[in-house]
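Taking it in order: structure first as structure tokens, then the write-up.
Any value given below was found using the heavy atoms of this structure, including those in side chains, with hydrogens, waters and symmetry copies removed. Chain letters run A, B, ... following the sequence lines, proteins first and then strands; every chain starts at 1.
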There are 2 protein chains.
Amino acid sequence: LIHFKDVDRTYQVGQIKVPALRQINMDIVRGEYVAIMGPSGSGKSTLMNLIGCLDTLTSGEYWLSGDDVSKLTDNELAHIRNRRVGFVFQTFNLLPRANAFRNVELPLIYAGITPRKRKDMALKALESVGLSDRINHKPTELSGGQRQRVAIARALVNNPSIILADEPTGNLDSATGEEILQLFTDLHAAGNTMIVVTHEESVAARAARVVRLLDGRIVSDTLNSHS
Amino acid sequence: LIHFKDVDRTYQVGQIKVPALRQINMDIVRGEYVAIMGPSGSGKSTLMNLIGCLDTLTSGEYWLSGDDVSKLTDNELAHIRNRRVGFVFQTFNLLPRANAFRNVELPLIYAGITPRKRKDMALKALESVGLSDRINHKPTELSGGQRQRVAIARALVNNPSIILADEPTGNLDSATGEEILQLFTDLHAAGNTMIVVTHEESVAARAARVVRLLDGRIVSDTLNSHS
Ligand SMILES: Nc1ncnc2c1ncn2[C@@H]1O[C@H](COP(=O)(O)OP(=O)(O)OP(=O)(O)O)[C@@H](O)[C@H]1O
Ligand SMILES: Nc1ncnc2c1ncn2[C@@H]1O[C@H](COP(=O)(O)OP(=O)(O)OP(=O)(O)O)[C@@H](O)[C@H]1O
Ligand SMILES: [Mg+2]
Ligand SMILES: [Mg+2]
């Protein structure tokens with residue numbers, strides 16, 4: 001499903017080059033549950049943005065479902081981002097002036113789903129993250145962890161087959177975090193591919209495989225002995 | 001130092017009242033290290049915003065260093081927010097167009113400190129959170145955990161005597177988080193008052209006292225048996 005070959009991603013800040021990812025070689029097959037770990041600044045979010053086609057490689061190859069991503073058209077990339085991949089951002093990225101319901105409904109509008117079906121799907125997604133009693137709140141009228149859960153509901157609402165979650169439990173207490181992890185386990189059991197960035201060992205323990213980054217390189221890629 | 005008596009904070013969303021804090025009674029003396037815990041949405045950030053004079057009570061009393069906060073002038077409140085309290089926000093709240101150095105220097109400009117001294121203090125604060133090699137990066141050119149650390153450096157740069165940190169390690173791996181916790185322990189040993197919101201037991205274990213919230217109420221307030 002996902003094939004990275006000798007991938008580099010180097011940022012430019014003024015005159016300085018920042019090598020965020022160096023020589024990444026990684027394969028993920030359909031239906032896997034992978035945790036990505038590593039210190040702050042090691043390149044985890046950069047890797048997730050590349051997988052989700054939100055950013056482009058500096059060098060190397062990225063093949064998604066047999067397609068060379070560098071050869072895809074803008075339309076094809078938009079289709080991947082909107083339909084095939086659900087992305088939970090580390091910074092949530094909610095629309096500040098729309099309430100929780102409108103934020104979760106947005107991907108369904110892009111997908112051309114009818115208003116009645118959209119309402120049903122968006123309410124179900126918000127219920128699955130425990131926020132049925134906050135659907136009319138705007139992001140500024142929600143707690144940090146509640147905003148994070150709206151971002152999770154939005155990523156899942158259109159049933160994408162690949163779910164990329166960047167630190168999905170960072171703002172959640174252990175009981176609420178546990179509910180989200182159970183949701184991810186159920187999605188994985190249904191055949192979806194889960195890729196989760198985390199710094200919490202308890203979250204990584206749910207994945208079948210752990211990829212560890214250090215200074216932009218993969219330093220280990222092992223099957224999880226816990227799961 | 002901090003005295004809360006029968007404090008309520010109720011938000012208004014359209015026609016609906018949201019009681020975020022109910023009947024909070026709490027005393028914190030100078031030099032304490034308190035952890036505030038509780039489920040997502042239980043009222044932790046609301047409580048921190050009240051302590052830091054960033055928000056006002058709906059009812060009840062708040063006395064800070066013997067002053068009734070409801071009777072303070074805008075100037076006196078600004079002085080508390082800018083000089084006496086260092087606030088690490090759950091959402092970082094960095095200026096997006098300023099680099100890390102400029103963000104950390106800002107409180108020193110408000111405090112009327114000379115440019116040379118400002119530069120020295122800001123660089124020291126960034127070094128204390130491990131970001132000496134990222135001072136020219138803007139927030140969008142930093143990782144999530146790096147942004148969080150810039151927010152911590154900014155809160156500490158002017159040596160406030162009360163430090164309020166809302167989920168300061170949420171985006172940090174355990175080694176980087178440990179460096180921040182050690183920094184907090186050193187600040188506490190120097191006589192500063194530390195109040196930290198966290199959902200991680202390992203962070204709460206460093207505090208001497210744990211206040212637990214549930215649905216806007218304090219359900220327990222106990223000395224920490226671990227520390
Ligand atoms: N501006 C607001 N308007 C309306 N409701 C609000 C507002 N801010 C917070 N709330 C509500 O008040 C309750 C407490 O919010 P608060 O941010 O204090 O929780 P928290 O304990 O910090 O949660 P988290 O751990 O998720 O950050 C939440 O249920 C939230 O929906
Ligand atoms: N737009 C950018 N421009 C320049 N440098 C960047 C940019 N984005 C990230 N970086 C740098 O690239 C490195 C990797 O960043 P990345 O966000 O991938 O790290 P991360 O592993 O997700 O960290 P965290 O756990 O703190 O979120 C960091 O050192 C960061 O400073
Ligand atoms: Mg990141
Ligand atoms: Mg909060």
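Contacts between A:V18 and chain B at a heavy-atom distance below 4.5 Å involve the side chain alone, from C-beta outward. Contacts of A:S40 with chain B are made by both backbone and side-chain atoms, with heavy-atom separations under 4.5 Å. Only the side chain of A:E141 comes within contact range of chain B, with at least one heavy atom under 4.5 Å from a heavy atom of that chain. Looking at A:E200, the atoms closer than 4.5 Å to chain B (heavy atoms on both sides) all sit in the side chain, from C-beta outward.
Taking CG from A:D173 and CD from B:E167, the interatomic distance works out to 9.0 Å, rounded to the nearest 0.5 Å.
Side-chain atoms of A:T169 and B:H199, non-hydrogen and from C-beta on, never get closer than 4.5 Å to each other. Between A:K138 and B:V13 the shortest side-chain heavy-atom distance does not fall below 4.5 Å.
Put simply, of B:P39, B:G145, B:A20, the one with the most heavy-atom pairs under 4.5 Å next to chain A is B:P39. Annotation: maximal heavy-atom pairing with chain B below 4.5 Å, among A:S42, A:G144, A:G43, A:S174, occurs at A:G144.
Residues of residues 86-109 of chain B that come closer than 4.5 Å to chain A, counting heavy atoms only, are B:Q90, B:T91, ordered by residue number.
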